[in-house]
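Everything below concerns the one structure shown next.
All of these numbers come straight from a predicted model, not from anything done at the bench. One-based numbering, in listed order, for ligands and for the atoms of each.
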Amino acid sequence: MAATPTPSRDSAAAALADRLRTIVGDANVLDDPDTKAAFETDWTGRFRGPCSLVVRPRTTAEVAAVMAACASEGRSVVIQGGNTGLVGGGVPAPSPPEPSADPQASAPPVLLSTVRLDQIGDVDRAASQITVGAGVSLGRLQAAAEASGLVFPVDLAARDSATVGGMIATNAGGLHVLRYGSMRAQVIGVEAVLADGTVVSRLSGLVKDNTGYDLSQLLVGSEGTLAVITAARVRLVAAVPERVVALIGLRSTASALDALDAVRRGAEGLQAAEIFYREGLDLVRHHAHLGDPLTAEWPVYLLVECAGRVDPSDSLFEVLVQLDLPDDATAIATDGAGADRLWAYRERHTEAVSAVGIPHKLDVTLPQSRLADFESAVRELVGTVAPGSTLILFGHIGDGNLHVNVVGPPPDDERLDEAVLALVASMDGSISAEHGIGRAKSQWLHLSRSPSELAVMRAVKSAVDPTGRLNPGVLFET
Ligand code: FAD
Ligand code: MLT
Ligand code: ZN
């Protein structure tokens, strides 16, 4: 049952709001229900929960003062960047906690939005690095790098909204992991604010720095449970302007893996290898009003992208010839517009799935050798546990990462989630490849982490956030 606000809670909330206004200015404390609503629901629409107010600091000093104020009032804080996360980690828990003796402890959390931490530093050309605020979007970071003839190596379809802080907090993967690694590999150092307002900063850009625990890397993948990341120093890489993309129609996941193996061995500069299936392609075509990319229909599609300073096309063509594919099984693009056209069939899966209904999104990795078996097993499982539902599979086949999307079961029915994640664990996979655990999977973390690992993780959480006020219910069940 929802808690009835008590007068003491109301007056304490008003006092906190006033205090926060003096820190960030009136315009950046949002407590109007309509304005708050957009922050209280996640991108998928599956996860939502109330916050008492939204606060939008602009500087690290403001974040520190906000956190100190919330600490002194015993308030929980939920951290939100671009709100493109897909596991409910950036939105509050579904309902207000039950009333307790301490009205502040049971009050809805403060939601700290990082989007105004949007400062972009100069590119350090000598080091190929840049320091950016946590609220800078991926797209702005990519543009800043490109203006200096460099590239930020991580890319994903939510680039216009996803923030650097959110991507670090989730250790985002994306489209180029097989070449450059995930977000973790790009982070040289971070600046962050702890739950009590303490600032820790490691932005000097030293690539070699063996002076004890790597606190920056500890925050990568911490999903907002340890600190608010306020800025980051990240690496940039040399531009690879010559690009070729091939979309290949195939009969099975096993043949896609064989084709990928040939491309890995034979083609220069492989930087993306993605998979999707006919039913997902049909959904995207319908949603985005696109034609068929190939002249024939195929059950499975493999998209590969190679890039280099020297044109990698010939090496990819040679592999395609060796694969002896029928003429109606390939489309190739060597120019930017053509490449973007082929990529749209893959990148637009997320929005096309959401257009059908609120999806259960299960982002998993399997050992490469078990991916084909998993594909058949998960189809059978979904047919049994959620008959009549729509199953759309796609993902980053180069990393063994499949996105299992199911539309049909009600959002709060978790039987399917549990069954799929148990299947993944039984096949030596991980229940989260790149989206994180968030609220969506916290009850199943034990499927991928041993009791001793969980004990160490909980000890770290207690040491850094002793009162458990940062993102309660995310990563660990409360
Ligand atoms: P939010 O959604 O706001 O937050 C995500 C988590 O990070 C929450 O737990 C939040 O509390 C925490 N957090 C946010 N900012 C901070 C901060 N400054 N300090 C501490 N904690 C913080 N993900 C992939 O990995 N690969 C993909 O290919 C990919 N493609 C996507 C495509 C689409 C269309 C969409 C909608 C999402 C996609 N995602 C993908 C998921 C999402 O974009 C990433 O998880 C991204 O890293 C989230 O960034 P955000 O700023 O939106 O974070
Ligand atoms: C993707 O690879 O497109 C993303 O991770 C988003 C999703 O899983 O829907
Ligand atoms: Zn993905």
Side-chain angles (χ1 to χ4, degrees), residues 39 42-45 47 57 60 63 67 77-92 109 111-118 132-138 154-177 182-184 190-195 219-232 272 274-276 280 284 343 346-354 359 361-365 392-399 401-405 432-440 442 470-475:
F39 296 86
D42 83 314
W43 193 93
T44 66
F47 304 98
T60 301
V63 174
M67 294 307 290
V77 177
V78 169
I79 308 163
Q80 189 178 100
N83 199 12
T84 66
L86 300 170
V87 288
V91 293
L111 192 149
L112 188 154
S113 165
T114 62
V115 291
R116 291 178 70 239
L117 296 164
D118 62 354
V132 292
V136 168
S137 69
L138 171 60
V154 176
D155 193 19
L156 44 85
R159 55 185 75 79
D160 292 336
S161 307
T163 63
V164 171
M167 292 174 63
I168 294 174
T170 56
N171 187 24
L175 310 171
H176 296 155
V177 170
S182 59
M183 205 58 193
R184 185 180 297 291
V190 307
E191 174 188 76
V193 177
L194 305 184
L219 297 186
V220 182
S222 63
E223 299 192 47
T225 60
L226 298 180
V228 186
I229 297 160
T230 50
E274 302 287 311
I275 193 164
F276 50 91
V284 170
W343 264 109
R346 163 62 184 87
E347 285 204 338
R348 299 195 70 177
H349 267 68
T350 308
E351 64 188 76
V353 168
S354 280
K361 294 183 82 71
L362 301 161
D363 145 56
V364 302
T365 354
I392 303 295
L393 295 171
F394 60 93
H396 315 282
I397 190 175
D399 314 323
N401 178 186
L402 270 189
H403 296 311
V404 179
N405 291 255
S432 173
E434 56 174 12
H435 296 165
I437 297 295
R439 296 186 189 286
S442 57
L470 273 178
N471 275 11
V474 172
L475 188 56

Under 3.5 Å, is there a donor-acceptor pair between the side chain of Asn401 and the main chain of Gly395? no

Roughly how far apart are Asn83 CG and Thr114 OG1, rounded to 0.5 Å? 10.5 Å

Pocket residues around ligand 2 (non-hydrogen, under 4.0 Å) come out as Leu86, Arg346, Thr350, Lys361, Phe394, His396, His403, Glu434, His435

Heavy atoms only: give me the nearest Val115-Asp118 pair and the separation to one decimal. O-CB, 3.6 Å

From Arg439 atom CZ to Leu475 atom CG, the distance as rounded to the nearest 0.5 Å: 11.0 Å

What's the separation between atom CD1 in Ile437 and atom OG1 in Thr170, rounded to the nearest 0.5 Å? 12.0 Å

Value for CG (Leu156) from CE (Met183), rounded to nearest 0.5 Å, stands at 9.0 Å

Leu86 CG to His435 NE2 distance, which is reported to the nearest 0.5 Å: 5.0 Å

Contact residues of ligand 1 with a heavy-atom cut-off of under 4.0 Å? Trp43, Ile79, Gln80, Gly81, Gly82, Asn83, Thr84, Gly85, Leu86, Gly89, Gly90, Thr114, Ala134, Leu156, Ala157, Ala158, Ala162, Thr163, Gly165, Gly166, Met167, Ala169, Thr170, Ala172, Gly173, Gly174, Glu223, Gly224, Ala227, Val228, Ile229, Thr350, His396, Glu434, His435, Asn471

Taking the Zn ion (ligand 3) as the centre, count the protein N/O/S atoms lying under 2.8 Å from it. 3

Given 3.5 Å as the limit, does a donor-acceptor pair link the side chain of Asn171 with the main chain of Val220, or not? no

Side chain Asp42, main chain Phe47, donor-acceptor under 3.5 Å: yes

Mind checking what makes side-chain contact (heavy atoms from CB on, under 4.5 Å) contact with Val177, not counting sequence neighbours? Ser182, Asp399

What distance do Leu393 atom CG and Phe276 atom CZ have between them, rounded to the nearest 0.5 Å? 13.0 Å

Just say parallel, tilted or perpendicular for the rings of His403 and His396, cut-offs at 30° and 60°. perpendicular

Take Asn405 and Phe394, measure what side-chain contact (heavy atoms from CB on, under 4.5 Å) needs, and give me the verdict at the end. CA-CA 8 Å; Asn405 291 255; Phe394 60 93; 3.2 Å; yes

